[in-house]
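A short write-up of the structure that comes next.
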Number of protein chains: 2
Amino acid sequence: MGRWEPDARGRLAKAALALYAERGYEQTTVAEIAKRAGLTERTFFRHYADKREVLFAGSGELEGRFVGAVAGAPTSAPPLDALTLGLDAVAEMFADQREFASRRQAVITANAELRERELIKLASLVAVLTDTLRSRGVAEPAASLSAEAAVAVFKVAFERWIAPDEERPLAQLTREALAELKAVTSGA
Amino acid sequence: MGRWEPDARGRLAKAALALYAERGYEQTTVAEIAKRAGLTERTFFRHYADKREVLFAGSGELEGRFVGAVAGAPTSAPPLDALTLGLDAVAEMFADQREFASRRQAVITANAELRERELIKLASLVAVLTDTLRSRGVAEPAASLSAEAAVAVFKVAFERWIAPDEERPLAQLTREALAELKAVTSGA
DNA sequence: TCGACGATGTCAGTGACTGTCATAGACGGT
DNA sequence: ACCGTCTATGACAGTCACTGACATCGTCGA
């Protein structure tokens with residue numbers, strides 16, 4: 001194997017993140033990304049469906065781990081407890097990646113199109129979590145609402161985690177956000 | 001006055017919804033929408049920022065009413081009660097539009113790009129609701145989580161409302177979804 | 001009557017994305 | 001050693017969303 005340099009996909013992802021961070025998403029052309037990776041524009045689109053997707057290659061793994069942990073929870077566990085196991089699994093997956101996650105998130109936050117893509121990934125996560133809960137016997141709309149709540153907790157915790165001064169681990173922040181949500185919804 | 005036919009903006013929106021429903025979003029070109037409205041492609045882009053935005057012209061009004069109701073709630077009202085007033089205001093705004101809302105939603109649901117746009121509109125709603133709560137003295141992350149929860153309630157209720165067999169009014173469905181969320185989050 | 005204005009048309013250009021065909025090394029079978 | 005197949009890539013033309021610049025032409029106020 002090796003008529004070409006290895007890991008074309010990874011080189012494209014790295015080049016894209018670097019260029020998006022340097023000069024902005026809109027000011028970067030796919031041709032430039034491909035050139036920096038030593039490839040052509042056409043090859044970029046063979047690896048990634050579009051210009052945004054190159055930043056979201058890892059979202060499938062996140063979804064898989066989250067769902068796996070929820071599905072593996074004891075049958076007796078109530079929905080929010082099962083989802084908590086999923087949140088823990090995701091936090092563990094991110095634990096070593098704060099630096100990368102922070103840089104990537106800065107690029108996404110800076111551009112509306114990228115934010116759209118991020119939101120649909122999270123919506124997809126809500127959808128599969130809802131399905132997972134339903135197959136565990138949770139009825140609607142409790143399943144959807146629990147899944148939405150869990151993802152909201154993740155969003156809030158993640159945002160805090162990558163903040164400059166933050167030192168607490170992601171797992172702790174998800175637990176705190178979850179406790180906060182419970183307080184808000186039971187208090188009113 | 002009228003050197004041109006009136007309401008070019010409305011004609012474009014109507015033509016776009018019709019064509020998206022007939023042959024699908026991707027199979028419709030902006031030139032075709034403009035032609036059906038008796039205008040040119042360039043004029044379409046003077047009225048709408050892009051091909052998707054033409055379906056979301058009313059989102060500003062929804063945001064305004066929701067926020068207005070929350071901001072107008074008694075100062076003493078806890079966050080979720082204030083948000084409930086917002087949900088009621090939005091339900092009232094939609095009351096007469098079930099038919100239109102349903103057709104529009106079918107188009108959006110059928111296409112990933114349109115779903116992305118819808119999600120970012122909802123995210124924007126969460127953001128302004130969060131700001132509104134914060135200016136009412138609600139701390140973070142309670143403000144964000146309450147806003148996320150309220151919008152999740154709206155999503156779930158709206159989806160049920162436009163379902164074929166559903167007969168209950170939207171306002172009732174939002175109240176039921178809210179009660180369900182409270183049950184889920186307090187039970188675990 | 002005239003000039004500013006506002007909504008539209010016209011046209012050329014950029015860049016994302018796609019379909020199609022060509023190329024060249026790797027690999028397995030004979 | 002040869003040959004056919006497979007796979008990742010390149011080359012190229014084409015469509016369409018979207019933008020900037022300039023022209024046109026009723027309308028309205030001075």
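Order of the sequence lines fixes the chain letters, A, B, ..., with proteins taken first and strands second; residue numbering starts at 1 for each chain.
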Check the distance between [N]'s [atom2] and [X]'s [atom1] and give it to me in whole angstrom.
X: B/Asp50; N: C/dG15; atom1: CG; atom2: C1'; value: 16 Å
X: A/Phe45; N: D/dG14; atom1: CZ; atom2: P; value: 19 Å
X: A/Leu19; N: C/dA16; atom1: CG; atom2: P; value: 12 Å
X: A/Lys51; N: C/dT14; atom1: NZ; atom2: P; value: 16 Å
X: B/Leu12; N: D/dC18; atom1: CG; atom2: P; value: 14 Å
X: B/Asp7; N: C/dT8; atom1: CG; atom2: P; value: 10 Å
X: B/Tyr25; N: D/dC16; atom1: OH; atom2: P; value: 14 Å
X: A/Arg52; N: C/dC17; atom1: CZ; atom2: P; value: 7 Å

Set of residues satisfying side-chain hydrogen bond (donor to acceptor under 3.5 Å, both in side chains) with respect to B/Arg46, sequence neighbours excluded: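 With sequence neighbours excluded, B/Arg46 shows a side-chain hydrogen bond (donor to acceptor under 3.5 Å, both in side chains) to no residue whatsoever.
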Determine, stepwise, if the pair A/Ser144 / A/Glu148 fulfils side-chain hydrogen bond (donor to acceptor under 3.5 Å, both in side chains). CA-CA 6 Å; A/Ser144 290; A/Glu148 292 270 8; over 6 Å; no
Are any of the side-chain heavy atoms of A/Val90 and A/Leu87 separated by less than 4.5 Å?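 Contact flag for A/Val90/A/Leu87 side chains = no.
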Can you tabulate the close N/O pairs, meaning under 3.5 Å, that link protein atoms to atoms of nucleotides 6-12 of chain D?
residue	atom	partner	partner atom	Å
D/dT9	OP2	A/His47	NE2	2.8
D/dG10	OP2	A/Thr40	N	3.0
D/dG10	OP2	A/Thr40	OG1	2.8
D/dG10	OP2	A/Thr43	OG1	2.5
D/dG10	N7	A/Arg46	NH1	3.3
D/dG10	O6	A/Arg46	NH2	2.6

Polar side-chain atom of A/Arg117 near backbone of A/Leu55 as donor-acceptor pair, under 3.5 Å: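 Not at all, since once roles are kept as given, no pair shorter than 3.5 Å links the two residues.
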Could B/Arg52 and B/Tyr20 be counted as a cation-pi pair, given that NZ or CZ must be under 6.0 Å from the ring centre and within 45° of the axis?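 No.
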Can you tell me which residue pairs pass the side chain to side chain donor-acceptor pair (under 3.5 Å) test with a partner in residues 61-72 of chain A, sequence neighbours excluded?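 Qualifying pairs: A/Glu61-A/Arg65, A/Glu63-A/Ser124.
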